[in-house]
Amino acid sequence: MSESQFAPVDTMTFRQAMAELDTIMTTLESNTLELEDSLRAYERGVELLRALKGRLSDAQQKVDVLMGELVEEPSDEERDTTLS
């Protein structure tokens, strides 16, 4: 596994990055790589995992914002403004 064969993570779709990560995991689990190649593959896997987690976090934030827009704010009459 040479680094030149890796596409930049930011140009990959989520599905492409997941597929590459899955391939890396399968390859590492097969224990067929030399140590140096295993380290490079592991580093790439970490890079992919970070990017994927970041994309998921961004997507979750967008969903939270959109869901918040769907919830109507109570009017002043409906809002309890008394102190308990």
Side-chain angles (χ1 to χ4, degrees):
M1 289 191 152
S2 68
E3 290 184 36
S4 62
Q5 76 187 47
F6 296 139
V9 175
D10 59 345
T11 64
M12 301 172 79
T13 65
F14 188 86
R15 184 168 290 176
Q16 289 170 329
M18 281 293 297
E20 184 178 337
L21 182 59
D22 185 50
T23 300
I24 289 171
M25 290 175 58
T26 301
T27 303
L28 288 172
E29 288 171 351
S30 72
N31 202 23
T32 58
L33 296 176
E34 294 295 328
L35 176 62
E36 296 79 12
D37 292 332
S38 291
L39 287 172
R40 277 192 290 279
Y42 186 82
E43 288 172 350
R44 176 62 173 187
V46 168
E47 177 185 19
L48 288 165
L49 187 57
R50 278 192 192 123
L52 290 167
K53 288 176 84 173
R55 289 182 191 182
L56 283 174
S57 177
D58 291 345
Q60 182 63 53
Q61 288 176 350
K62 288 178 184 177
V63 168
D64 291 344
V65 167
L66 292 171
M67 292 302 294
E69 291 174 0
L70 294 176
V71 176
E72 291 185 25
E73 288 290 322
S75 67
D76 287 339
E77 294 82 31
E78 297 171 327
R79 189 174 298 159
D80 183 9
T81 57
T82 60
L83 295 175
S84 301

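Predicted model, so just to flag it, every value in this text is computed and none were measured.
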(message) Tell me whether S57 contacts the main-chain N or O of K53 through its side chain, where contact means a donor paired with an acceptor under 3.5 Å.
(response) no
(request) Say whether, by atom type as modelled, one donor and one acceptor occur between the side chain of S30 and the main chain of T27 under 3.5 angstrom. (result) yes
(request) Using a cut-off of 6.0 Å, state whether more than 12 heavy atoms not belonging to N31 lie near its atom CG. (result)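 No - once you tally the heavy atoms of other residues, nucleotides and ligands closer than 6.0 Å, there are 12 at most.
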Pairs under 3.5 angstrom only: tabulate donor-acceptor contacts from the side chains of residues 59-69 to other protein residues two or more places apart or in another chain.
| residue | atom | partner | partner atom | Å |
| --- | --- | --- | --- | --- |
| Q60 | NE2 | D64 | OD1 | 2.8 |

(message) On a heavy-atom basis, which atom in A41 and which in L33 lie closest, and how many Å separate them?
(response)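 Closest approach of A41 to L33, heavy atoms only: CB-CD1, 4.2 Å.
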(request) Write down the atom of A17, the atom of L52, and the distance for their closest heavy-atom approach. (result) CB-CD2, 3.6 Å
(message) As an exercise, state the distance from CE of M18 to CG of D22, rounded to the nearest 0.5 Å.
(response) 7.0 Å
(request) For R55, enumerate each residue passing the side-chain contact (heavy atoms from CB on, under 4.5 Å) test, keeping only those at least two apart in sequence or located in another chain. (result)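 V9, F14.
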(request) Check the hydrophobic clustering (I, L, V, M, F, W, Y; side-chain heavy atoms under 4.5 Å; chains of links allowed) and say if L56 and M25 are grouped together. (result)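 Yes; M25 is reachable from L56 via cluster members.
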(message) Regarding E43 and R40, does a basic nitrogen lie under 4.0 Å from an acidic carboxylate oxygen?
(response) no
